[in-house]
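First the structure, in the form of structure tokens, and then the observations on it.
One is the number of the first residue; the rest follow in order along the sequence. Since this is a predicted model, take the numbers as computed values, not measurements.
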Amino acid sequence: MVLSSLITCALPYTPAKHRGTLLKLCKHCKWTVPGRSGHQFVGTKGVYRRDQRGLRCPSISGDCEIDLHWKRHYSADHGQVRVRFAPSPTGFLHLGGLRTALYNYLFAKKYGGSFILRMEDTDQNRLVPGAADAIEDMLEWAGIPPDESPRVGGPVGPYLQSQRLGLYSEAAQTLLESGHAYRCFCSAQRLELLKKEALRSGETPRYDNRCRHLQPAQLADRLSRGTPHVIRFRLEPGAEPFQDLVFGRNRHEVSAVEGDPVLMKADGFPTYHLANVVDDRHMGVTHVLRGAEWLISTSKHLLLYRALGWTPPAFGHLPLLLNRDGAKLSKRQGDIFVQSFARRGVLPEALLDIVTNCGSGFEGNRMGRNLDELIAEFNESKITTHSALLDLDKLPEFNRIHLLQRIDDVERCCHLVEELREHIIQMFGPQIQEKDVLDEDYIQRVLHLRKGHISSVRELVTPTYAYLWIRPSVARQQLDELTSESATIAMLVIELMEAGRGKALTTDWLGAELKAMAKKVKSTKYSTVMKLLRLALSGQQQGPSVAEMMVSLGSGETCQRLQRVLQH
């Protein structure tokens with residue numbers, strides 16, 4: 001099933017706000033809609049109104065009813081797709097959550113729709129202070145900010161479930177009045193005994209639906225005494241099959257394997273099952289893209305939609321994101337939280353790239369895709385049921401590719417310069433002798449020379465690259481141990497740099513000149529000449545080519561460091 005398939009409209013909005021293609025009209029009045037998208041469903045025979053049973057035409061005696069209840073195509077032209085990412089702020093955003101949010105974002109942007117962030121904070125005992133803000137922070141950091149959220153606001157707020165309790169109570173009351181739900185007074189102790197007995201017998205624990213059968217007098221007595229209770233949904237046989245966008249045709253006969261689930265807890269807060277159905281309905285969610293672990297619950301949710309008389313959204317369940325060895329990503333692994341990647345200098349586009357590269361849902365697969373390319377290449381019909389195996393050992397390579405792209409982009413490179421300058425000051429601060437190393441031109445030159453070689457700008461403030469920001473301390477004795485011609489070599493290089501003043505230094509030009517200069521030295525091999533120059537310039541025996549070091553430092557600083565060789 002793909003997006004262009006027929007989907008029953010689940011939006012609670014008035015028809016005049018939403019354009020589309022009316023596929024089958026009233027069989028009595030024969031009113032027609034010309035074309036596809038320009039009409040707002042207000043016709044010459046009267047303004048149409050909508051109720052729970054469908055669309056009715058008031059111009060005909062008896063209110064004739066349209067058969068297909070506003071079935072339509074969703075298209076990118078009208079921004080009608082609405083998807084949501086609904087995490088629980090009981091912890092911080094991890095890679096699995098980021099991937100779910102990303103696929104929802106890509107789906108929304110692919111079809112010109114809206115991406116909603118909703119916080120499912122009804123489990124008050126497990127809330128982590130600051131987690132809700134941190135989740136939204138990380139979505140913004142990743143470059144996939146929500147169109148509607150607790151922070152941004154929107155037309156169907158509030159976006160915190162704890163602020164929507166009235167809606168859940170109203171829905172629960174509707175279910176009670178229709179007989180689809182009932183009050184349960186079973187104590188926690190009784191439920192625990194049921195669980196232990198089931199486990200002792202080797203059975204799956206389930207509620208025995210005891211309170212289903214309370215007589216009105218018994219119910220009234222418990223209520224009059226103020227006995228704590230929950231509201232349970234009455235599961236009935238007859239779960240209908242549904243077409244999942246990823247897993248295809250599915251059906252789960254919930255009543256055969258589960259006891260009646262709790263909808264409203266004794267504290268007045270809803271469970272996930274009720275809250276997500278009510279919120280998706282009232283927020284106009286058209287497609288629910290969530291983790292495959294919720295696939296088995298979908299039949300239960302569809303029963304709730306049916307009991308409430310609501311048309312459900314389309315469902316698509318995303319395959320699990322697993323470790324490379326097939327093990328489940330664990331929140332106990334500190335490094336799977338998005339914040340930890342941000343702190344380590346991982347680029348957001350690299351993180352988005354790796355979590356999509358290891359999975360499915362795209363026309364092809366390649367490293368180095370930016371967000372615009374991910375949106376353009378996303379295809380929900382390509383999502384497979386196979387779990388995605390994430391190999392984080394490859395992340396440095398993804399980061400290297402995306403860092404190179406950032407350096408080549410003028411605007412984004414300016415941001416990298418600022419970031420690297422902060423790291424330099426933080427790491428070396430008072431040790432910096434020449435403030436020129438903090439100049440934009442200097443830092444930018446270093447970035448361009450090292451692009452493709454580094455995976456993070458933070459590498460440039462490690463000891464390997466300290467020579468770029470502070471002058472090394474090298475004893476003359478160290479240089480003389482390499483060759484007795486150290487002073488001669490230093491003088492020749494200074495003369496070379498003086499002769500090239502005013503000329504743009506390049507690694508190619510310097511590389512050729514250094515080879516020619518080495519021939520003027522009587523008894524020192526070219527390789528030793530390079531070792532001596534590298535040691536004099538950087539204080540290290542390994543690193544970038546000597547030509548690159550000299551281009552990075554510039555003529556003046558290169559000569560300054562070699563002068564010190566002659567002075568000691």
Side-chain angles (χ1 to χ4, degrees), residues 92-99 101-102 133-145 321 323-324 329 331 333-358 367-371 374 390-429 431-432 437-440 442-470 540 543-544 548 552:
F92 299 101
L93 186 65
H94 58 87
L95 285 181
L98 177 67
R99 178 171 171 267
L102 174 59
D133 282 334
I135 289 171
E136 193 156 359
D137 287 343
M138 287 299 97
L139 292 179
E140 291 174 359
W141 172 83
I144 53 172
L321 184 65
N323 285 317
R324 179 178 57 180
L329 287 178
K331 294 180 184 179
Q333 297 170 242
D335 61 353
I336 73 160
F337 289 103
V338 177
Q339 284 171 309
S340 70
F341 291 100
R343 283 196 296 267
R344 298 198 322 254
V346 174
L347 298 175
E349 55 266 38
L351 208 54
L352 298 185
D353 195 7
I354 195 170
V355 299
T356 51
N357 186 274
C358 71
M367 294 174 70
R369 289 180 293 197
N370 60 36
L371 187 57
L374 289 174
L390 179 65
D391 186 357
L392 286 175
D393 289 341
K394 294 180 179 177
L395 185 55
E397 178 62 12
F398 278 86
N399 218 54
R400 183 188 68 80
I401 292 171
H402 284 281
L403 181 59
L404 189 154
Q405 293 175 357
R406 277 202 180 195
I407 293 171
D408 282 337
D409 183 281
V410 175
E411 183 178 345
R412 293 195 296 167
C413 187
C414 289
H415 294 302
L416 287 177
V417 169
E418 290 298 321
E419 180 186 345
L420 182 52
R421 183 185 288 123
E422 290 178 11
H423 290 314
I424 296 166
I425 294 170
Q426 184 179 2
M427 184 63 67
F428 300 107
Q431 297 175 266
I432 298 172
V437 299
L438 298 177
D439 288 349
E440 181 177 350
Y442 181 83
I443 296 176
Q444 203 168 80
R445 183 165 74 240
V446 169
L447 285 169
H448 277 278
L449 286 167
R450 282 284 85 197
K451 71 179 181 183
H453 298 283
I454 57 172
S455 296
S456 167
V457 293
R458 296 185 183 207
E459 288 182 40
L460 294 175
V461 293
T462 58
T464 303
Y465 293 105
Y467 72 91
L468 291 166
W469 323 113
I470 56 175
Q540 299 179 33
E548 184 185 319
S552 295

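Between Asn357 and Phe398 there is a side-chain heavy-atom pair separated by less than 4.5 Å. The closest side-chain heavy-atom distance from Val461 to Leu420 is below 4.5 Å. Put simply, the side chain of Leu390 reaches to within 4.5 Å of the side chain of Leu392, judged on heavy atoms. Side-chain contact between Leu321 and Cys358 is present, with heavy atoms from C-beta onward closer than 4.5 Å. Side-chain contact check for Leu98 versus Ile144: some heavy-atom pair is nearer than 4.5 Å. Within the 4.5 Å cutoff, no side-chain heavy atoms of Asp137 are placed close to those of Phe92. Within the 4.5 Å cutoff, no side-chain heavy atoms of Leu139 are placed close to those of Pro145. Under the 4.5 Å side-chain criterion, counting only non-hydrogen atoms from C-beta, Ser552 is not in contact with Arg450.
The OG atom of Ser340 sits 12.0 Å away from atom NE2 of His94, with the distance rounded to the nearest 0.5 Å. In this structure, the separation between NE2 on His423 and OG1 on Thr462 is 12.0 Å, given to the nearest 0.5 Å. To the nearest 0.5 Å, atom CZ of residue Arg412 and atom CG of residue Leu347 are 8.5 Å apart. One distance of note links CG of Leu395 with CD1 of Ile354; it measures 5.0 Å at 0.5 Å rounding. The OG1 atom of Thr356 sits 9.0 Å away from the CZ atom of Arg99 when rounded to the nearest 0.5 Å. With rounding to the nearest 0.5 angstrom, the CD1 atom of Ile336 is 8.0 Å from the CG atom of Asn323.
Judged as a salt bridge (Lys or Arg N to Asp or Glu O under 4.0 Å), and not counting sequence neighbours, the contacts of Glu418 are Arg421. Considering only residues two or more places apart in sequence or on other chains, Tyr465 meets the ring pair (Phe, Tyr, Trp, His ring centres under 6.0 Å) condition with none of them. Remark: Glu140 pairs with Arg151 by the side-chain hydrogen bond (donor to acceptor under 3.5 Å, both in side chains) rule, at least two apart or across chains. With sequence neighbours excluded, the residues forming a side-chain contact (heavy atoms from CB on, under 4.5 Å) with His448 are Ile407, Asp408, Cys413, Gln444, Lys451, listed by chain and number. Partners of Glu422 according to the side-chain contact (heavy atoms from CB on, under 4.5 Å) rule, which considers only residues two or more places apart in sequence or in another chain, do not exist here. Residues meeting the side-chain contact (heavy atoms from CB on, under 4.5 Å) test with Ile432, sequence neighbours left out: Ile424, Phe428, Val437, Leu438, Ile470. Residues that satisfy the salt bridge (Lys or Arg N to Asp or Glu O under 4.0 Å) test with Glu136, not counting sequence neighbours, are absent from this structure. Shown here are the side-chain contact (heavy atoms from CB on, under 4.5 Å) partners of Pro396, two or more places apart in sequence or in another chain: Ser455. Evaluation of the side-chain hydrogen bond (donor to acceptor under 3.5 Å, both in side chains) rule for Gln426 yields no partner, not counting sequence neighbours. Applying the side-chain hydrogen bond (donor to acceptor under 3.5 Å, both in side chains) criterion to Arg369, with sequence neighbours excluded, gives Asn365, Glu377.
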CA sep, side-chain torsions, deciding dist, call: Trp469, Val446, side-chain contact (heavy atoms from CB on, under 4.5 Å): CA-CA 11 Å; Trp469 323 113; Val446 169; 4.1 Å; yes
For Leu374 and Asn370, what are the C-alpha separation, side-chain angles and deciding distance, and is it a side-chain contact (heavy atoms from CB on, under 4.5 Å)? CA-CA 6 Å; Leu374 289 174; Asn370 60 36; over 6 Å; no
Is there a side-chain contact (heavy atoms from CB on, under 4.5 Å) between Thr464 and Glu459 once you walk through the steps? CA-CA 8 Å; Thr464 303; Glu459 288 182 40; over 6 Å; no
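For the side-chain contact (heavy atoms from CB on, under 4.5 Å) with Arg406, the lone residue among His415, Glu349, Glu411 that qualifies is Glu349.
A donor-acceptor pair is defined here as one N or O able to donate and one able to accept, closer than 3.5 Å; no such pair exists between the side chain of Asp439 and the backbone of Tyr442.
Taking the ring axis of Phe341 as reference, the NZ or CZ atom of Arg344 stays within 45° of it and closer than 6.0 Å to the ring centre.
The minimum heavy-atom distance between Gly345 and Ser456, with the atom names listed, is O-OG, 3.9 Å. Across all non-hydrogen atoms, the minimal contact from Cys414 to Glu440 is SG-OE2, 3.8 Å.
Residue pairs meeting the side-chain hydrogen bond (donor to acceptor under 3.5 Å, both in side chains) criterion with at least one partner in residues 391-401, sequence neighbours excluded, are Arg324-Asp391, Arg324-Asp393, Glu397-Arg400.
Electrostatic pairing of Glu548 and Arg445 does not count as a salt bridge here, judged by no charged N lying under 4.0 Å from a carboxylate O.
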